[in-house]
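Structure first, commentary second.
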Protein chains: 2
Amino acid sequence: MGKDNRSTEEKIFRAAMTEFIDKGRHGARMQEIADRAEINKAMLHYYFRNKEQLYSHVFQTVFLKVFGSLHHLFEQEMPFSVSLRLFIDGYIDLIKSNPKIPAFIMRELSEGGEVIRALIPRLVKAEQFMLPGLFMRRAGEAMEKGEIRRVDPLQLLMTVIGAGVYFFLAEPMVKGVMETTGAYDRERFLQERKKHIYDIIINGIKS
Amino acid sequence: MGKDNRSTEEKIFRAAMTEFIDKGRHGARMQEIADRAEINKAMLHYYFRNKEQLYSHVFQTVFLKVFGSLHHLFEQEMPFSVSLRLFIDGYIDLIKSNPKIPAFIMRELSEGGEVIRALIPRLVKAEQFMLPGLFMRRAGEAMEKGEIRRVDPLQLLMTVIGAGVYFFLAEPMVKGVMETTGAYDRERFLQERKKHIYDIIINGIKS
DNA sequence: GTCTATATCTCGATAGAC
DNA sequence: GTCTATCGAGATATAGAC
């Protein structure tokens, strides 16, 4: 019994995740979610009261997937440059496996985001959103030690993430530009992208 | 007569721009546009056949506002570092005056963007979207001269733009994080942001 | 718990008078 | 060119049988 409940609920949830990530909060269709989950539309309302709540659950899960998974790199004892390299690689690989997630989160942010505004303080308190804090601490320590020169750690974090995420947001433009000159090899470009970002940043902050 | 036409048409267009930028293609409401323009809803269809066409016009205008205005900095004769500095400052100031534009463009990109996909090749041909080309050329020349070291110019452009635009996309998160520690001074943060990005990049690419 | 059938609502679009 | 009134599609949500 319990197992069947979870099973149906989870089928719905997975289907909702796919649909919301793909079409966004407003573009998503409850019917489409029901079809994907291979259940009736009425069940969506049985398990999750309404679209808004379903979305809210999905968003929280997706947000944690991205921001709850790589902070450990800044907890471990290794040179800051190594953490940074691993973070950039890991971050780009993570998004590569879920390329629509950045736009999904950005859409929420751009809509004023009651959902995300309520979420962030809660996650920070619950220590599930530790990346900014840990990154800034480790960067600060690296500056103390003279490993890297002094810059504002929060600014640095934004530069790293911004540079990393932008490609996935702007890919259609990049593609459009590159195809005017030659072939567009996504896989290769992404590998280069990792190297490039690390290269620029590490040279930008070395003592 | 002609003047009255333009006047009403323009009122509609301005109202549509505000509404679409704020709510996006699907979130925008024709009724709201009509209200803002202080005309009847039927007039929207009289001047612009339907919502899609109205959106399309708006998007093109907005896109050009952002990408059609700063490329001249890379046409002029000055050291690459100076062009870069002016570009970063100008870019951030431009978005600061229109902070919702990045999310607006990103939303279009994320929705598969028939509109933008049709637009880009056309603008490139019409020489109204010259930023990537000019930037890459000037960066290439600067590398030849030894002003800066060799990096992939397109990767570099993406890093600059990504770093610049990310703040405006993620501001609610930044705000949330900063408010847990202290006060959040947007104006100051943005001025710092300009300096920081230039600083990291220019050190990242110097010979 | 799951389904069918349907109520209710929102919104883009149009018809037609002036 | 501009308005009022209304249509009709498409979506969320619910009632009620099983």
Side-chain angles (χ1 to χ4, degrees), chain A residues 1-60 104 107-108 110-115, chain B residues 1-62 104 107-108 110-115:
Chain A
M1 177 174 94
K3 198 172 176 201
D4 276 44
N5 282 349
R6 272 203 304 283
S7 175
T8 298
E9 188 169 339
E10 200 173 316
K11 273 199 291 182
I12 293 175
F13 190 72
R14 285 178 196 278
M17 193 138 75
T18 309
E19 174 73 357
F20 276 121
I21 288 176
D22 205 45
K23 314 258 182 69
R25 172 197 241 139
H26 293 113
R29 294 290 164 249
M30 297 293 267
Q31 183 62 60
E32 181 66 26
I33 294 173
D35 292 350
R36 266 190 226 276
E38 295 177 306
I39 48 90
N40 191 274
K41 209 173 46 163
M43 297 308 287
L44 302 182
H45 295 90
Y46 178 80
Y47 283 101
F48 304 85
R49 249 184 82 74
N50 53 34
K51 191 181 180 181
E52 189 58 24
Q53 287 205 17
L54 185 49
Y55 172 80
S56 192
H57 279 262
V58 167
F59 183 82
Q60 172 162 343
F104 174 69
R107 247 184 282 190
E108 168 63 22
S110 80
E111 279 164 11
E114 319 130 40
V115 171
Chain B
M1 175 175 92
K3 199 172 175 201
D4 275 45
N5 283 347
R6 273 202 304 283
S7 175
T8 298
E9 188 170 338
E10 202 174 313
K11 275 199 291 184
I12 293 174
F13 189 72
R14 285 177 196 277
M17 194 137 75
T18 309
E19 174 72 358
F20 275 122
I21 288 176
D22 206 43
K23 314 255 183 70
R25 171 198 242 141
H26 293 114
R29 294 291 163 249
M30 297 295 266
Q31 185 62 60
E32 180 66 25
I33 294 172
D35 291 349
R36 265 190 226 276
E38 295 177 307
I39 48 91
N40 191 275
K41 206 172 53 163
M43 298 307 289
L44 302 182
H45 295 89
Y46 179 79
Y47 283 100
F48 304 84
R49 251 183 76 78
N50 52 33
K51 191 181 181 183
E52 188 60 23
Q53 286 205 17
L54 185 48
Y55 172 78
S56 192
H57 280 261
V58 167
F59 184 82
Q60 173 163 344
T61 302
V62 172
F104 174 69
R107 246 185 281 191
E108 167 63 23
S110 80
E111 279 163 10
E114 319 131 38
V115 171

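Quick note on labels: first sequence line is chain A, next is B, and so on, each numbered from 1.
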Check your understanding: Does B:Arg36 come within less than 4.0 Å of B:Glu32, counting only side-chain N to carboxylate O?
Key -> yes
Practice item. Check whether the ring centres of B:Phe48 and B:Tyr55 lie less than 6.0 Å apart, and answer yes or no. Key: no
Practice item. Using atom CD1 of B:Ile33 as one end and atom P of C:dG12 as the other, report the distance to the nearest whole Å. Key: 8 Å
Practice item. Please lay out, stage by stage, how B:Glu9 and B:Phe13 fare under the test side chain to side chain contact (heavy atoms under 4.5 Å, CB included). Key: CA-CA 6 Å; B:Glu9 188 170 338; B:Phe13 189 72; 5.7 Å; no
Exercise for review: Mind checking the NE2-CG spacing from B:His45 to B:Asn40? Nearest 0.5 Å is all I need.
Suggested key: 11.0 Å
Check your understanding: Whole Å only: how far is the OH atom of B:Tyr47 from the C1' atom of C:dA13?
Key -> 18 Å
Exercise for review: Grab the NZ-C1' distance between B:Lys11 and D:dG1 for me, whole Å please.
Suggested key: 12 Å
Review point. Salt-bridged, A:Glu10 to A:Arg14, with N to O below 4.0 Å?
Key: yes
Practice item. Give a yes or no on whether a salt bridge exists between A:Arg29 and A:Glu19, defined as a side-chain N under 4.0 angstrom from a carboxylate O. Key: no
Point to revise | Atom-pair distance (CZ on B:Phe48; C1' on C:dT14), nearest Å | key: 18 Å
Review point. Which nucleotides of nucleotides 3-17 of chain D have their base under 4.0 Å from a protein heavy atom (B), which only their sugar-phosphate (S), and which neither (-), written as one string 5' to 3'?
Key: BB------SBBB---
Review point. OP1 or OP2 of C:dT2 less than 4.0 angstrom from a side-chain nitrogen or oxygen of A:Thr8, does that happen here?
Key: yes
